[in-house]
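Here the structure is laid out as structure tokens; the discussion comes afterwards.
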Amino acid sequence: GDAIEHFKMYIGEHTPGPETASRYTRLAELYLKNKQFRDALGASEKALIDSKCKGAALFVKAQAEAELGDLESARVDAKAAIDDHFNRAEIVLRDRVLEWLKTIPSSQSR
């Protein structure tokens, strides 16, 4: 809770964009850890605005979507995160998303 408030103060009134992407991603991660999934989704969407490195924010967004029951969007965003990490040669991060993606029930199991 305190960390979230600290990050919100740190970001302040900055307009979401490339210079705030990592801060909004971190805020989204904190929301996710606190099970504030809608807030995590909102912060991750702000992190994606004009961001050049989208993988981390897309992964947090996918996790929040999965927790909110939107599994199809979670899959789409996780796959986009995988592509972004692969394109940046961030193979360890890509593999982390691939492993997480295996935990989402497939659309055929519904």
Side-chain angles (χ1 to χ4, degrees):
D2 290 340
I4 289 172
E5 290 308 312
H6 173 75
F7 251 86
K8 284 168 56 177
M9 287 176 28
Y10 183 68
I11 294 170
E13 299 298 318
H14 290 105
T15 303
E19 67 283 344
T20 60
S22 64
R23 294 176 187 144
Y24 276 111
T25 299
R26 182 65 185 130
L27 179 61
E29 290 169 344
L30 292 170
Y31 280 133
L32 193 65
K33 286 182 182 185
N34 283 334
K35 300 187 184 310
Q36 294 173 268
F37 305 120
R38 291 205 186 283
D39 292 327
L41 190 58
S44 63
E45 287 171 350
K46 287 180 180 177
L48 291 168
I49 295 173
D50 294 329
S51 177
K52 291 176 179 55
C53 301
K54 297 181 182 227
L58 284 165
F59 184 37
V60 175
K61 185 173 183 244
Q63 292 172 83
E65 289 165 337
E67 291 292 342
L68 291 169
D70 188 355
L71 300 181
E72 190 55 38
S73 293
R75 279 187 206 89
V76 169
D77 285 330
K79 289 175 183 175
I82 290 165
D83 290 344
D84 186 70
H85 287 312
F86 181 79
N87 291 338
R88 298 179 172 290
E90 299 168 337
I91 303 307
V92 173
L93 295 175
R94 181 207 62 183
D95 290 350
R96 180 176 167 223
V97 181
L98 280 168
E99 286 302 312
W100 176 84
L101 191 56
K102 292 177 187 175
T103 68
I104 295 179
S106 71
S107 57
Q108 296 152 346
S109 64
R110 286 190 233 162

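Below, all heavy atoms of this structure are taken into account, side chains as well, without hydrogens, waters or symmetry copies.
Cluster membership check: L58 does not share its hydrophobic cluster with V76, using side-chain heavy-atom separations under 4.5 Å among Ile, Leu, Val, Met, Phe, Trp and Tyr. There is a path of hydrophobic side-chain contacts, each under 4.5 Å, that joins V60 to L68. Under the 4.5 Å side-chain heavy-atom criterion for Ile, Leu, Val, Met, Phe, Trp and Tyr, I82 and L71 are members of the same hydrophobic cluster.
Side-chain N or O atoms of D77 include none that pairs as donor or acceptor with a backbone N or O of A62 at under 3.5 Å. The backbone N or O of D70 sits nowhere less than 3.5 Å from a side-chain atom of S73 that would complete a donor-acceptor pair.
To the nearest 0.5 Å, atoms OG (S44) and CD1 (I49) are separated by 10.5 Å. With rounding to the nearest 0.5 Å, the separation of CZ in R94 from CG in L98 is 5.5 Å. To the nearest 0.5 angstrom, D50 atom CG is 8.5 Å from E19 atom CD. One finds the CG atom of N87 at 11.5 Å from the SG atom of C53 (value rounded to the nearest 0.5 Å).
Taking the charged nitrogens against the carboxylate oxygens, E65 and K61 do have a contact shorter than 4.0 Å, which makes a salt bridge. Residues K79 and D83 are not paired through a salt bridge, judged by the lack of any N-O separation under 4.0 Å between the basic side chain and the carboxylate.
Across all their heavy atoms, I104 and R75 have their closest contact at CG2-NH2, 3.7 Å. Closest of all the heavy-atom pairs between A64 and F37 is CB-O, 3.6 Å. For the pair G55 and A81, the tightest heavy-atom approach, listed with the atom from each and the gap, is O-CB, 3.5 Å. The shortest heavy-atom contact between T25 and A56 is CG2-CB, 3.8 Å. Among all heavy-atom pairs drawn from A40 and L32, the shortest one is CB-N, 3.8 Å.
Residues F59 and W100 meet the side-chain proximity criterion, which asks for heavy atoms closer than 4.5 Å. Considering only heavy atoms from C-beta on, K46 stays 4.5 Å or farther from T20 through its side chain. Put simply, the side chain of R88 reaches to within 4.5 Å of the side chain of K52, judged on heavy atoms.
For K54, the NZ atom sits in a packed shell: over 12 heavy atoms of surrounding residues, nucleotides or ligands are nearer than 6.0 Å. Applying the 6.0 Å contact sphere to CZ of F86 captures no more than 12 heavy atoms from other residues, nucleotides or ligands.
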Discussion item. Please determine whether salt bridge (charged side-chain N to carboxylate O under 4.0 Å, His left out) holds for the pair E99 and R96, giving the CA-CA distance in whole Å, both sets of side-chain angles, and the decisive distance to 0.1 Å.
Written reply: CA-CA 5 Å; E99 286 302 312; R96 180 176 167 223; over 6 Å; no
